Each structure stands twice: as C-alpha cells, then as structure tokens.
Amino acid sequence: MTHDPDRHPTPNTQHPTYIPDGPVQVILTMVKDELIRAVESALEDAKKAGDIRIKEMPEVEIDVPRKKEFGDYSTNVAMVLAREIGAPPREIAQRIADRVTEHNGVIDKVQVAGAGFINFYLKPDWYHQVILRIHDQGERYGTSERFIGQSILVEYVSANPNGPITVGSGRGGAIGDVVSNLLEAVGYRVFREYYINDALNSLQMQNFGKSLEVRYLQLLGHDVKMPEDGYQGEYVIQVAKDIVERDGDKYVHLPKEDRIALFTDMGEYAMLELQKADLEDFGIAFDNWYSERTLHESSKVTKCIEQLKERGYAYEKEGAIWLRSTAFGDDKDRTLVRSNGQPTYIAADTAYHADKFERGFNRLLNVWGPHHHGYIARTKAAVAALGYDPNRLDVLIFQVVRLFSGGELVMMSKRRGDLVPLRELVDEVGKDAARFFLLMRSADSSLDFDLELAKQQSSENPVYYVQYAHARISSILRQAEESGVPIPSVSDVDLSLITHPSEIDLVKKLSDWPGEIDRAATAYEPHRLTAYSTDLAALFHVFYRDCRVLGESPELTAARLVLVQAARVVLANVLGMMGISAPEKM
RNA sequence: GCGCCUGUAGCUCAGCGGAUUAGAGCAUCUGACUUCGGAUCAGAGGGUCGGGGGUUCGAGUCCCUCCAGGCGCGCCA
C-alpha cells in the first residue's frame with residue numbers, strides 16, 4: 001500500500017485548473033470598480049467645491065438592489081455620510097448624483113431614491129460587453145486572478161479506513177471538492193488531500209482488525225464471537241470472505257496478536273480501496289492520501305513534541321505529556337502522550353498540520369464533520385504553539401445529513417441516516433443528484449435529503465430543472481445547425497437587438513457569475529452555486545417563453561443564438577464547478 | 001455546567017462586511033401549448049424573521065439575554 005505523503009505539492013492534474021492565461025477582467029468587479037471610481041471622483045469634486053464637508057473619504061460600496069426598479073446598481077454612501085455631515089441623506093445623495101455622470105461612460109441614468117440611495121442605470125451596450133466577454137473567455141469566464149501565486153491545501157473526507165464512505169462523509173466530500181474548484185477559480189493553486197486515520201494504536205482500527213479476524217475465523221468454522229463493540233457491517237464479512245478465498249486458512253495458526261495486526265493491515269488496505277472507489281464514483285479524486293501512520297513511523301510526531309517542549313508549550317504531568325493549549329485560548333490543556341507512552345490523536349494531528357505548513361502552502365483549509373467543532377480551538381492552538389500563524393488555517397464544519405424517503409426518516413437498523421453508505425445513495429439517485437442535494441444547503445445547516453425528490457425527473461427536482469435548461473439550449477443550437485442556420489460569430493452580430501426585459505434579465509444574471517464565484521470561494525460557500533444555477537435556469541426558461549430564437553429575422557435570430565450560446569457556456573461552467581454533468585440531451 | 005450549530009410563509013430553505021416594499025421551491029388555488037424540449041411558464045393567497053432588551057437615521061442581519069432543538073465537551077479517533 002502506498003500512501004506516503006507527497007512532500008512536494010505538485011500541480012493538480014486531475015482537475016481542470018481555472019487559472020487563465022492572460023489578465024482577466026472580472027466583469028462584475030469591473031463595473032463595480034468603475035462605479036466606485038465615479039462616486040469617489042464625484043465626492044472629491046463636491047468636497048473641493050465645498051458642497052460636502054468631510055474629513056476622510058468613506059469606503060464606497062456598490063450593491064445590486066433587490067428590485068430592478070432601483071436600477072442596476074446602487075450605493076448607500078450618502079446615508080453613511082449623513083451623520084458626519086449633519087444633513088439629510090437624500091440631499092447629500094443629490095449633491096453626489098449631480099456630479100457622478102460626468103465621471104463615467106457606462107452610466108445611463110442616476111437617480112436618488114428611498115432613504116438616500118443613489119441608483120445607477122447602465123447603458124444598454126454594457127450588457128453587450130458581457131456577452132462578448134463570455135464568448136471570448138468560454139469556460140474561463142468567471143475565473144479571476146485574485147489569489148494568483150497563492151497555494152492552499154484542502155483536507156476533506158479524512159474518514160477512518162474501517163468502512164465504506166458514508167453519506168455524511170459524502171457531504172464533506174462534495175463540499176471539499178467544490179470549494180477546491182472554487183478556490184482554483186480565483187487563482188489559488190489547490191492541493192486536495194485525504195488524511196487517513198490509520199494509526200496502529202487507534203482503538204477504532206484495532207477494533208476493526210479484531211472484527212475482521214473474528215469474521216475470518218467464523219467463516220472457517222471456528223466458534224468465536226464478535227466483540228460487543230465490534231464492526232457489525234456486512235462489508236466486514238465480505239472482506240473476510242475475500243481473504244479466505246485468496247489465502248485460505250493460512251492465518252489460523254498464527255499467534256493471535258500477530259493475526260490481528262495482520263488483519264488490521266489487510267482490512268485497512270481493503271477499506272482504502274473501497275473508499276477510493278466510492279469517492280471516484282462520486283466524482284472525487286485526491287492529489288494525495290496522507291497516512292497518519294507514516295507520521296509516527298518517520299518520527300515526525302516525536303520531533304514535533306520535542307519542538308513543543310523546546311518552545312515551552314509542552315510539559316509533563318502525571319506521567320503524561322501535555323500541550324499547553326490554554327496559552328492560546330483553548331479551554332484546557334490536551335494530552336499529547338499518554339502515561340503508557342502512546343501518542344494521542346492530537347499529537348499526530350499537530351505533526352500533520354506542521355507538515356502541511358512545511359510543505360509550503362500559504363493557507364490550509366480543513367473540511368470537518370459535525371462532531372469535530374471541539375477540535376478547532378486545540379488544533380489552532382497547536383499550530384500557534386509551533387509558531388505558525390493560526391489565521392492561516394481555516395476549518396469549515398458542516399452539519400449532519402438525514403435521509404428521508406416519503407417523509408420518513410431512513411434508518412439503517414440502528415444506524416443514523418448519515419451512516420448510510422454513500423454508494424447506496426449514489427446508486428439510488430445518481431451522482432449528479434447526490435452531489436447537487438448534498439451541496440444545496442449551507443454547511444452550517446443540517447441537511448434533510450429527500451430521496452424521492454432527488455429521483456424525480458421533473459421540474460420539482462432542482463438538478464433536473466437546471467440540467468433541463470442546458471439540454472434545452474443545446475437542443476436549440478442543435479436545431480439551428482440542422483436547419484442550416486449557422487451559429488454566428490459574436491463579432492458578426494448586432495447585439496443592440498437584445499432589448500427584451502427577459503433578455504436583459506438573463507444577461508444580468510450571466511454577468512453575476514464572476515462575483516458569485518468570488519463570494520462562494522472566499523466565504524467557502526459552495527451552496528451558493530446551487531442557488532445561482534437554479535436562478536440562471538429559471539431566467540433562461542422565462543427568456544425562452546418570451547423570446548423565440550429560431551424563425552425570427554436573420555439578424556434577431558443571430559443575436560439570440562449568441563445570447564443562448566452565452567447562457568449555455570455559463571450554465572455549463574456552473575454545473576462543471578459543482579462536478580455535475582451538463583447534458584445536451586436528457 | 002461550558003462550547004459550537006440551528007430557529008425566517010403550512011413544509012424545505014435562501015437572504016453577502018446593516019439600507020429602498022423580507023425572497024425561492026414545494027404544497028394550495030387559478031391560468032397558458034397548431035411553431036425552438038410543457039422535464040416549461042404566468043398569477044393569487046400565505047410571514048409579530050423563536051421571545052425580550054440594546055446599538056443605529058435605519059436591524060432578519062451587529063451586541064446582550066432568555067427559550068427551543070441538534071451536536072460536542074476523554075490519557076477515544
């Protein structure tokens with residue numbers, strides 16, 4: 001078994017890198033920046049003229065208003081300044097608005113509204129720029145170079161190698177995978193890693209080895225009983241069967257201790273293979289599988305403890321060695337080495353995090369399951385005790401998954417819903433639906449997975465709804481080509497024919513994509529993508545109802561084909577970012 | 001007892017560092033197909049944003065407190 005840590009991060013070859021070749025202007029940012037500059041210039045002019053008396057320039061924020069009657073963008077800067085100036089916000093807003101237009105070419109109209117908002121209406125040709133850009137950038141559209149030159153190691157799933165990947169871990173997998181995609185899209189070099197909790201002294205692993213050993217002996221007719229806390233799962237018997245089939249009874253006569261050690265090893269190997277396959281069929285692949293055991297074997301754990309002692313953050317008490325994590329805000333100090341001489345999980349995890357930093361990553365992200373929030377403080381403390389800035393480590397905790405079928409909570413015997421094997425879920429609803437549903441809620445919320453809905457092939461099922469939009473677009477483009485209408489080149493098309501409100505709404509949504517990526521990536525919020533994808537699909541369907549593409553005048557058909565093409569690009573990009581297929585036919 | 005997460009429409013949930021009249025899907029009711037995929041679309045009803053204080057010109061959003069639910073608090077991992 002080879003899961004030696006790869007000491008040097010290598011470029012990720014298994015996933016597309018979203019790093020663009022040349023400088024990329026993010027559209028949303030571009031327009032926002034222009035508007036910010038326009039407002040700032042207006043403010044400075046007003047200040048010079050004595051219209052507005054302020055000491056320092058405020059930070060100008062540009063928002064997308066909730067309602068489109070309020071324009072394309074708006075700012076609340078006048079309300080922010082109201083207190084300092086001591087004048088009504090609307091009056092200040094008017095003074096700024098009067099000076100804004102002369103500073104910017106994309107603004108069509110400026111309006112003061114509400115409590116003192118300045119609403120901006122953009123010139124229509126700005127939307128044409130969006131379409132041009134999407135065609136120009138294709139699958140790179142939406143990516144940015146914001147974090148170019150930075151690297152991040154994302155650790156996720158990291159289950160014990162003693163069973164199949166569960167639905168709960170699957171949620172972590174989907175989140176980790178898509179967050180990784182997002183981080184790549186904003187310029188990070190991303191390294192995806194699975195930490196194998198395979199320490200030999202771990203009770204879980206020993207217990208697993210014993211259970212496998214018992215199943216093996218039972219299959220060979222020996223009268224041995226499973227330990228009460230043993231692993232009852234069917235898969236343990238299957239692994240034992242495989243061993244009997246391959247090796248027969250050759251382990252029966254070994255000393256019991258040796259036999260258990262051997263079966264722990266063989267079991268782990270089998271489970272890692274199983275887990276890799278489970279994850280692969282779920283669309284997840286790692287750059288590296290990092291074995292906890294190797295940390296002990298290479299004495300990195302020992303060295304790490306020595307280092308902590310030297311730094312004064314590890315001490316001996318009652319025959320054990322403790323981490324002084326309270327020095328960094330943890331509730332209590334934590335045991336690093338038990339009085340029987342065996343290092344704890346935390347000791348290994350500390351060494352592991354040190355190793356991650358030593359490998360040269362700028363940032364670390366751990367995607368952890370619901371039961372690990374208590375470990376954030378101690379892990380950060382350990383990192384800080386070793387002299388690393390704990391702010392370079394982020395931990396994303398996600399909540400439990402519950403499976404529902406026909407309104408009933410699914411229980412597997414006595415097991416919780418999130419202990420159902422991921423494979424069973426994927427077999428039942430498919431990879432695309434499984435991923436979409438597991439991504440659908442914010443990580444902070446527990447997730448109720450509706451199996452019936454996920455299987456449904458109707459618009460009620462969001463993943464079908466979104467994929468249907470993509471298939472529908474593909475169908476239009478296909479039909480255009482079949483009927484001899486060539487897909488025009490953007491430069492040959494008169495985009496000023498794109499004027500219908502449904503067309504404009506669609507384009508505006510397309511223009512949001514770079515901003516959506518940026519926010520979802522920097523806040524580690526992959527669930528935003530599911531919402532964005534359904535919004536985009538909905539706007540396409542509205543457009544489809546209102547605007548015919550084929551059979552209009554050649555010029556209008558050409559313009560709409562270009563728009564439809566752009567929608568397809570973005571829809572495919574969103575689905576691709578989520579690891580979900582974008583079918584041309586369904 | 002301490003810590004983390006959650007509490008928004010009948011249900012499942014969005015609501016970004018506070019801001020113009022709180023949103024979506026489902027469910028309910030009413031509508032739309034001789035033409036590009038009806039696996040679609042339109043309209044209607046439905047909310048004291050768990051309660052109470054506070055900060056603010058302005059709070060679902062920030063602070064405090066209480067209540068309810070989930071999950072953690074090991075010389076287990």
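Just so we're on the same page: letters track the sequence lines, and every chain starts at 1. Worth saying up front: this structure is predicted, and the values here are computed from it rather than measured.
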How is [X] classified with respect to the nucleic acid when contacts are heavy atoms under 4.0 Å: base, sugar-phosphate, or nothing?
X: A:Glu460; result: sugar-phosphate
X: A:Arg548; result: base
X: A:Ala531; result: nothing
X: A:Ser446; result: sugar-phosphate
X: A:Tyr544; result: base
X: A:Ala471; result: base
X: A:Glu318; result: base
X: A:Asp444; result: sugar-phosphate
X: A:Val549; result: base
X: A:Ser74; result: base
X: A:Glu584; result: base
X: A:Ala82; result: nothing
X: A:Asn119; result: base
X: A:Lys585; result: base

Please pick, from [options], the nucleotide with the shortest atom-to-atom distance to any side-chain atom of [X].
X: A:Arg441; options: B:G37, B:U12, B:A19; answer: B:U12
X: A:Tyr465; options: B:C75, B:C41, B:U20; answer: B:C41
X: A:Val542; options: B:G72, B:A19, B:A42; answer: B:A42
X: A:Arg545; options: B:G37, B:C41, B:A14; answer: B:C41
X: A:His527; options: B:G15, B:C75, B:C41; answer: B:G15

> Can A:Asp512 and A:Tyr532 be said to form a side-chain hydrogen bond (donor to acceptor under 3.5 Å, both in side chains), step by step?
Replying inline: CA-CA 9 Å; A:Asp512 287 343; A:Tyr532 178 78; 6.0 Å; no
> Mind checking who B:A19 pairs with, Watson-Crick or G-U wobble, both distances under 3.5 Å?
Replying inline: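 Pairing partner, where one exists within any strand: none, as none qualifies.
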>> Strictly by Watson-Crick or wobble contacts shorter than 3.5 Å, is anything paired with B:C75, and which nucleotide is it?
In response: none
Round to a whole Å and report the spacing from [atom1] of [X] to [atom2] of [N].
X: A:His371; N: B:G70; atom1: NE2; atom2: C1'; result: 10 Å
X: A:Leu477; N: B:G37; atom1: CG; atom2: P; result: 11 Å
X: A:Leu529; N: B:C13; atom1: CG; atom2: C1'; result: 17 Å
X: A:Tyr532; N: B:G23; atom1: OH; atom2: C1'; result: 18 Å
X: A:Tyr345; N: B:C76; atom1: OH; atom2: C1'; result: 11 Å
X: A:Arg528; N: B:C13; atom1: CZ; atom2: P; result: 18 Å

>> Looking at A:Ser475 and B:C36, is any side-chain donor or acceptor paired with a base atom of the opposite kind under 3.5 Å?
In response: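 Answer is no: no donor-acceptor pair is held.
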> Could one point to a donor on the side chain of A:Gln479 or the base of B:C36 with an acceptor on the other under 3.5 Å away?
Replying inline: no
> Only one of A:Ile62, A:Ile118, A:Leu35, A:Asn119 clears side chain to side chain contact (heavy atoms under 4.5 Å, CB included) with A:Ser74; which?
Replying inline: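 By the side chain to side chain contact (heavy atoms under 4.5 Å, CB included) criterion, A:Ser74 pairs with just one of A:Ile62, A:Ile118, A:Leu35, A:Asn119: A:Asn119.
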> If we only count heavy atoms from C-beta on, is the A:Leu182 to A:Tyr524 side-chain gap below 4.5 Å?
Replying inline: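 A side-chain contact is absent here, since even the closest heavy-atom pair is not under 4.5 Å.
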>> Taking the side chain as everything from C-beta on, heavy atoms only, tell me whether A:Leu477 gets closer than 4.5 Å to A:Glu584.
In response: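 When only atoms from C-beta onward are counted, A:Glu584 and A:Leu477 do not touch, as no gap falls below 4.5 Å.
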> Taking atom NZ of A:Lys317 as the centre, does the number of heavy atoms from other residues, nucleotides or ligands within less than 6.0 Å exceed 12?
Replying inline: yes
> If you find the nucleotide of RNA chain B closest to A:His373 and the one closest to A:Ser445, which residue's nucleotide is nearer the 5' end?
Replying inline: A:His373
>> Assuming nearest nucleotide by heavy-atom distance, tell me which of A:Gln399 and A:Phe117 is located more 5' along RNA chain B.
In response: A:Gln399
> Can you tell me if the side-chain N/O atoms of A:Lys332 get under 4.0 Å from OP1 or OP2 in B:G74?
Replying inline: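 For B:G74, OP1/OP2 do have a side-chain N/O of A:Lys332 under 4.0 Å.
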> With respect to the phosphate group of B:C76, does any side-chain polar atom (N or O) of A:Arg338 fall under 4.0 Å of OP1 or OP2?
Replying inline: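 Yes, such a contact exists.
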> Yes or no on side chain to side chain contact (heavy atoms under 4.5 Å, CB included) for A:Gln467 and A:Ile580, after CA distance, side-chain angles and deciding distance?
Replying inline: CA-CA 9 Å; A:Gln467 289 181 318; A:Ile580 294 170; 3.5 Å; yes
>> If stacking means aromatic ring centre less than 5.5 angstrom from the base's six-membered ring centre, planes under 30°, is A:Phe70 stacked on B:U20?
In response: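 Ring-base stacking flag set for A:Phe70 and B:U20.
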> Can you name the one residue among A:Lys509, A:Lys508, A:Arg528 that meets salt bridge (Lys or Arg N to Asp or Glu O under 4.0 Å) with A:Asp535?
Replying inline: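 With A:Asp535 as partner, A:Lys509, A:Lys508, A:Arg528 yield a single salt bridge (Lys or Arg N to Asp or Glu O under 4.0 Å), made by A:Lys509.
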>> Let's go through A:Phe120 and A:Thr75 carefully: what are the C-alpha distance in whole Å and the side-chain angles of both, what is the deciding distance for side chain to side chain contact (heavy atoms under 4.5 Å, CB included) to 0.1 Å, and is it a yes or a no?
In response: CA-CA 8 Å; A:Phe120 302 100; A:Thr75 179; 3.8 Å; yes
